[in-house]
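Residues: numbered from 1 along the sequence shown.
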Amino acid sequence: MIVFIILVLSVYLGGDVYVFYKGMHALSFLPTPVSIITGILFWLCAAGIFGMFIFRSTPLPSWGGQVLQYIGTGWLVFIFYMAFFLFLSDLCKWIGWPIPHAFGVVTAITFLLLLYGFIHYKSPLKEDVNIAINKYSTLDKPLKVVGISDIHLGYATNKQQLKKYVEKIMDENPDLILIAGDLIDNSVAPVRYQRMQEELSRLSAPLGIYMIPGNHEYISGIDDSIDFLKETPICLLKDSVVTLPNKIQLIGRDDRMNPDRLPLDVLVKRIDPQYPVLLLDHQPYNLEEAVENGIDLQFSGHTHRGQVWPINWITDRLFEVSYGYKKKENMHVYVSSGLSLWGPPFRIGTHSEMVVFHITTTQ
């Protein structure tokens, strides 16, 4: 893990140095004092990612925390695209096709791309998914389930943004709400400072609101996360099983961050296999295990589908299902890209979403 962190930091700082060098060369016409100020601002932004983690549990005004979060994480994406496009411009120059004012052109393209990504992130889609389960239940009409994941409440996804999400969810009049982990981002502290339990308490559904831990509930401190959730109508399923009045059963697995979480084959001993079984498991690994244990629908999150290109190419290869719906033998799987996101406030090549399941049973 330490080697991976060092590698990532080396690549990040290398990209910063490369872009800084190209920028100072392109802006050499500026007066010396302006160049110095520009350089200082550049490296302050580059250091923002470290400040974000240093102050993640510090009480900051909502706007201040959001600015720090956006600069700290947004700079990662800015530097990546700047370095990528500058490298392409250098390649064009090397093969004899120089681009006039290359640094200015690359900067303009990058800003436009990030503006698109920000607007795209702020406009989550609604995905309707029909699920037919060949088991018995007492359903007399399709069960409407709103499934969300990866909201990452904190400074970036603040109380104002949460209010919009709650309104979007409640506009669906769901029978049941499922949260597949990572409700909280990196610390419970900013969630409490902004009293986000007030907005979460506006959520309601006749059959309840159920959630499982994600890896970020552990990053935030699992005990603090549990204590916060007790102030909301959300019921946390942590290696536990619930049977709803309509005979549909929910299995909520603890996250893989807990090495002592119960095996799935232990949890399924608590259910009746003749009735539908819905599994909430934050990280969509080992789908074959769910198939073997008779799960009818697995709902997961975690991947964000990479959030920005080309990371979505990586997640598509890391996971059997990194996003969307798949039927695997008799099991339905849906992996959500997340209602919000972690870190950089951009969706490029991916989108934010809320999933609405319409579940029917054939017996």
For this session: Test salt bridge (Lys or Arg N to Asp or Glu O under 4.0 Å) on Lys144 and Glu172 and set out the steps.
Result: CA-CA 9 Å; Lys144 192 174 190 180; Glu172 293 299 318; 3.4 Å; yes
Exercise. Between Gln283 and Ser300, is a side chain to side chain donor-acceptor pair (under 3.5 Å) present by the stated rule, with each step listed?
Worked result: CA-CA 6 Å; Gln283 302 187 43; Ser300 300; over 6 Å; no
Problem set entry | side chain to side chain contact (heavy atoms under 4.5 Å, CB included) assessment of Val145 paired with Leu178 | CA-CA 7 Å; Val145 181; Leu178 302 178; 3.7 Å; yes
For this session: I would like to know whether His152 and His304 meet ring pair (Phe, Tyr, Trp, His ring centres under 6.0 Å); could you show each step before the answer?
Result: CA-CA 11 Å; His152 291 272; His304 299 211; 5.1 Å; yes
Exercise. Yes or no on side chain to side chain contact (heavy atoms under 4.5 Å, CB included) for Leu125 and Glu127, after CA distance, side-chain angles and deciding distance?
Worked result: CA-CA 6 Å; Leu125 303 179; Glu127 296 289 348; 4.1 Å; yes
Problem set entry | From CA spacing to verdict: salt bridge (Lys or Arg N to Asp or Glu O under 4.0 Å), Lys164, Glu167 | CA-CA 5 Å; Lys164 296 177 181 177; Glu167 290 171 352; over 6 Å; no
Problem set entry | Step-by-step side chain to side chain contact (heavy atoms under 4.5 Å, CB included) determination, Phe357 to His332 | CA-CA 11 Å; Phe357 295 104; His332 305 269; over 6 Å; no
Problem set entry | Derivation and outcome, side chain to side chain contact (heavy atoms under 4.5 Å, CB included), residues Val241 and Leu250 | CA-CA 6 Å; Val241 176; Leu250 304 179; over 6 Å; no
Exercise. So Thr362 and Asn134, side chain to side chain donor-acceptor pair (under 3.5 Å) or not? Walk me through it.
Worked result: CA-CA 5 Å; Thr362 58; Asn134 187 28; 2.5 Å; yes
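When atom types are taken as modelled, the side chain of Ser123 and the backbone of His120 share no donor-acceptor pair closer than 3.5 angstrom. Here the side chain of Ser336 pairs no donor or acceptor atom with the backbone of Ser149 at under 3.5 angstrom. At distances below 3.5 Å, not a single donor-acceptor pair connects side-chain atoms of Ser322 with backbone N or O atoms of Phe319. Side-chain N or O atoms of Gln194 include one that pairs as donor or acceptor with a backbone N or O of Lys159 at under 3.5 Å. Remark: the backbone N or O of Gly343 is paired with a side-chain donor or acceptor of Thr73 at under 3.5 angstrom. Here the side chain of Asn293 pairs no donor or acceptor atom with the backbone of Ile295 at under 3.5 angstrom. With Lys135 contributing its side chain and Pro273 its backbone, the two residues share a donor-acceptor pair below 3.5 Å. Of the possible donor and acceptor atoms, one in the side chain of Asp255 sits under 3.5 Å from a partner among the backbone N and O of Met257. Put simply, the side chain of Glu353 gets close to the backbone of Ser337: a donor and an acceptor are under 3.5 Å apart.
Aromatic ring centres of Phe80 and Trp75 lie farther apart than the 6.0 Å criterion allows. Residues Phe78 and Phe111 bring their aromatic ring centres within 6.0 Å.
Listed by chain and residue number, Lys326, Lys328 satisfy the side chain to side chain donor-acceptor pair (under 3.5 Å) test with Glu320 (two or more places apart in sequence, or in another chain). Tyr121 is linked by a side chain to side chain donor-acceptor pair (under 3.5 Å) to Ser340, counting only residues two or more places apart in sequence or in another chain. For Phe87, there are no ring pair (Phe, Tyr, Trp, His ring centres under 6.0 Å) partners, not counting sequence neighbours. With sequence neighbours left out, the side chain to side chain donor-acceptor pair (under 3.5 Å) criterion links His282 to Asp182, Asn215, His302. For Gln161, the side chain to side chain donor-acceptor pair (under 3.5 Å) partners are Lys122, Tyr165, not counting sequence neighbours. Residues satisfying the ring pair (Phe, Tyr, Trp, His ring centres under 6.0 Å) criterion with Tyr81, sequence neighbours excluded, are absent altogether.
The hydrophobic cluster containing Val242 does not contain Leu279, counting ILVMFWY residues as joined when their side-chain heavy atoms lie under 4.5 angstrom apart, directly or transitively. Placement of Leu76 and Ile109 within a single hydrophobic cluster is found when ILVMFWY residues are connected by side-chain heavy-atom separations under 4.5 Å, directly or transitively. Leu114 and Val308 fall within the same hydrophobic cluster, where Ile, Leu, Val, Met, Phe, Trp and Tyr residues are linked whenever their side-chain heavy atoms come under 4.5 Å apart, directly or through other members. Criterion: ILVMFWY side-chain heavy atoms under 4.5 Å apart, direct or through other members. Under it, Val333 and Ile251 are part of a common hydrophobic cluster. Linking ILVMFWY side-chain heavy atoms closer than 4.5 Å, directly or via other members, places Tyr70 and Leu153 in a single hydrophobic cluster.
The aromatic rings of Tyr136 and Tyr275 lie tilted to each other, with the angle between the two planes from 30° to 60°. Below 30°, between 30° and 60°, or above 60°: for Phe299 and Tyr334 the angle between ring planes is between 30° and 60°, a tilted geometry.
Note on residues 301-310: pairs passing salt bridge (Lys or Arg N to Asp or Glu O under 4.0 Å), not counting sequence neighbours, are Arg305-Asp316. For residues 233-250, the set of pairs meeting the salt bridge (Lys or Arg N to Asp or Glu O under 4.0 Å) definition, not counting sequence neighbours, comprises Lys238-Asp254. Sorted by first then second residue, the salt bridge (Lys or Arg N to Asp or Glu O under 4.0 Å) pairs that include residues 24-41, not counting sequence neighbours, number zero. Applying the salt bridge (Lys or Arg N to Asp or Glu O under 4.0 Å) test to every pair with at least one member in residues 79-108, sequence neighbours left out, gives these pairs: Lys22-Asp90.
A side-chain donor from one of Gln274 and Asp272 sits under 3.5 Å from a side-chain acceptor of the other.
The two residues Val291 and Glu329 make their nearest non-hydrogen contact at CG1-OE1, 3.5 Å. Annotation for Leu244 and Leu207: closest pair CD2-O, 3.9 Å, computed over non-hydrogen atoms. The two residues Leu339 and Ser352 make their nearest non-hydrogen contact at O-CB, 3.3 Å. When every heavy atom of Ser240 is checked against every heavy atom of Leu236, the shortest pair comes out as OG-O, 4.4 Å.
Atom CG of Asp281 sits about 6.0 Å away from atom CD1 of Ile212, to the nearest 0.5 Å.
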With a 3.5 Å cut-off and sequence neighbours excluded, list the donor-acceptor pairs that the side chains of residues 219-228 form with protein atoms.
from   : atom 1 : to     : atom 2 : distance (Å)
Ser220 : OG     : Asp185 : O      : 3.0
Ser220 : OG     : Ser187 : N      : 3.2
Ser220 : OG     : His216 : O      : 2.8
Ser225 : OG     : Glu217 : O      : 3.1
Ser225 : OG     : Gly221 : O      : 3.0

Side-chain polar contacts of residues 28-47 - donor-acceptor pairs under 3.5 angstrom, sequence neighbours left out - could you list them?
from  : atom 1 : to    : atom 2 : distance (Å)
Ser28 : OG     : His25 : O      : 3.1
Ser35 : OG     : Pro31 : O      : 3.4
Thr38 : OG1    : Val34 : O      : 2.8

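Annotation for Trp309: atom CH2 counts as buried by contact number, over 12 foreign heavy atoms lying within 6.0 Å. With a 6.0 Å radius and a threshold of 12 heavy atoms from other residues, nucleotides or ligands, Arg202 has its CZ atom above the threshold.
Side-chain contact between Phe103 and Met82 is present, with heavy atoms from C-beta onward closer than 4.5 Å.
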